[in-house]
Amino acid sequence: SNSQDKKITEPVLTGTFLSPGLTYEIPVGKLTTIKFRAAMEAGFSYASGIIVGPRYSFSFIPTLTGEYRYYYNIEKRMKANKNSRYNSANYFAAVAKYGTSYTTYHMEDGSTLKTTTQNTNAGIVWGLQRNYRNRFSVDFNIGPSLLYPLLFEEFGFIGNLTLGIRLGKQTE
């Protein structure tokens, strides 16, 4: 009975470099965690219209992300002697993401238009996370947005790819 209650998931702190930031994952159950991420993402867009003409933008977007994860195959990976340390497994997660972008649009006539946009999204994702002995970390997830169909009546995706280095004490 006691071994069934033992948490398999571990706390993991990661510094990411694809979109610079920090992530921290906290075990809350045997197979569940909560993961927080603060990062600086980059955004680029190009559009062309009859009235405004062609325009492009590049912006940096500070983002905060929270995920509630369920690692559905971590025990199977452990039994098969595959790497499962530091939550190296596949998961399903509920994700909420918030960011604010400060965008400058560059118009064809040389003028600029500055805007501030609040970016909020939420959804359900499938993902995989791998943390290796050399401290390299990969985390990828993708799934349907739940917020876009409810608020904007359009289908959208939510997803993320992070590459990073696991920080903190190495335990083996």
Side-chain angles (χ1 to χ4, degrees), residues 1-45 58-101 118-150 155-172:
S1 163
N2 194 20
S3 66
Q4 291 176 344
D5 296 335
K6 185 180 175 196
K7 291 180 183 173
I8 295 174
T9 55
E10 303 175 66
V12 181
L13 176 66
T14 307
T16 61
F17 50 82
L18 188 58
S19 52
L22 284 173
T23 67
Y24 187 58
E25 190 169 7
I26 306 163
V28 293
K30 180 179 177 183
L31 302 173
T32 57
T33 65
I34 294 177
K35 187 169 189 171
F36 299 101
R37 180 170 182 256
M40 184 67 73
E41 297 180 355
F44 175 79
S45 70
F58 183 81
S59 60
F60 289 102
I61 307 164
T63 60
L64 297 172
T65 305
E67 300 178 16
Y68 179 78
R69 292 183 170 190
Y70 169 70
Y71 288 95
Y72 66 88
N73 77 332
I74 197 166
E75 291 176 306
K76 183 178 177 183
R77 288 181 60 84
M78 291 171 80
K79 288 177 185 172
N81 288 324
K82 292 183 176 182
N83 176 28
S84 60
R85 292 298 313 261
Y86 304 106
N87 311 330
S88 292
N90 299 3
Y91 60 87
F92 292 107
V95 178
K97 186 174 185 176
Y98 173 79
T100 301
S101 63
Q118 306 296 317
N119 303 302
T120 305
N121 203 350
I124 303 294
V125 297
W126 169 88
L128 61 89
Q129 175 171 267
R130 299 295 183 268
N131 286 293
Y132 301 100
R133 286 182 182 227
N134 64 2
R135 294 184 176 265
F136 183 71
S137 176
V138 176
D139 188 3
F140 168 77
N141 62 46
I142 192 164
S145 167
L146 299 177
L147 205 58
Y148 276 55
L150 291 173
F155 181 76
F157 283 100
I158 187 167
N160 194 41
L161 170 65
T162 58
L163 305 176
I165 302 296
R166 194 177 63 256
L167 306 172
K169 184 179 175 185
Q170 183 86 0
T171 59
E172 292 298 327

Distance from Tyr70 atom OH to Thr32 atom OG1, nearest 0.5 Å? 9.5 Å
For the pair Phe136 and Tyr132, name the ring-plane relationship: parallel under 30°, tilted 30 to 60°, perpendicular over 60°. parallel
Please report the closest heavy-atom contact between [X] and [Y], naming both atoms and the distance.
{"X": "Pro62", "Y": "Thr100", "answer": "CD-O, 3.0 Å"}
{"X": "Asn121", "Y": "Ser145", "answer": "OD1-OG, 2.6 Å"}
{"X": "Asn131", "Y": "Ser137", "answer": "OD1-OG, 2.8 Å"}
{"X": "Ala39", "Y": "Ser19", "answer": "CB-O, 3.9 Å"}
{"X": "Pro27", "Y": "Thr9", "answer": "CB-OG1, 3.2 Å"}
{"X": "Leu128", "Y": "Asp139", "answer": "O-OD1, 3.3 Å"}

Quick one, [X] and [Y] - any side-chain contact, counting heavy atoms below 4.5 Å?
{"X": "Val28", "Y": "Ile34", "answer": "yes"}
{"X": "Arg69", "Y": "Leu31", "answer": "no"}
{"X": "Trp126", "Y": "Tyr72", "answer": "yes"}
{"X": "Thr65", "Y": "Phe36", "answer": "no"}
{"X": "Asn90", "Y": "Gln129", "answer": "no"}
{"X": "Phe17", "Y": "Ile165", "answer": "yes"}
{"X": "Lys97", "Y": "Glu41", "answer": "yes"}

How would you list, by chain and number, every residue that makes a side chain to side chain contact (heavy atoms under 4.5 Å, CB included) with Arg77, sequence neighbours excluded? Asn73, Lys82, Asn83, Ser84, Ala89, Arg130
Centroid-centroid under 6.0 Å between Phe157 and Phe155 rings: yes
Compute the centroid of each ring, for Tyr71 and then for Tyr91, and state whether the two points are separated by less than 6.0 Å. yes
Quick one, Thr63 with Tyr98, criterion side-chain contact (heavy atoms from CB on, under 4.5 Å). Give me CA distance, side-chain angles, the key distance, then yes/no. CA-CA 6 Å; Thr63 60; Tyr98 173 79; over 6 Å; no
Does the ring of Tyr86 carry Arg166 above it, NZ/CZ under 6.0 angstrom from centre and within 45° of its axis? yes
Measure from the side-chain N and O atoms of Asn87 to the backbone N and O of Glu10, and report whether any donor-acceptor pair falls under 3.5 Å. yes
Main-chain N/O of Thr14 paired with Arg135 side-chain donor or acceptor, under 3.5 Å: no
Evaluate the criterion side-chain contact (heavy atoms from CB on, under 4.5 Å) for residue pair Leu13 and Thr23; output intermediate values, then yes/no. CA-CA 6 Å; Leu13 176 66; Thr23 67; over 6 Å; no
List the steps and the verdict of side-chain contact (heavy atoms from CB on, under 4.5 Å) for Ile8 and Glu75. CA-CA 8 Å; Ile8 295 174; Glu75 291 176 306; 3.5 Å; yes
Which is it for Leu146 and Ile124 under the side-chain contact (heavy atoms from CB on, under 4.5 Å) test, yes or no, and what are the steps along the way? CA-CA 7 Å; Leu146 299 177; Ile124 303 294; 3.7 Å; yes
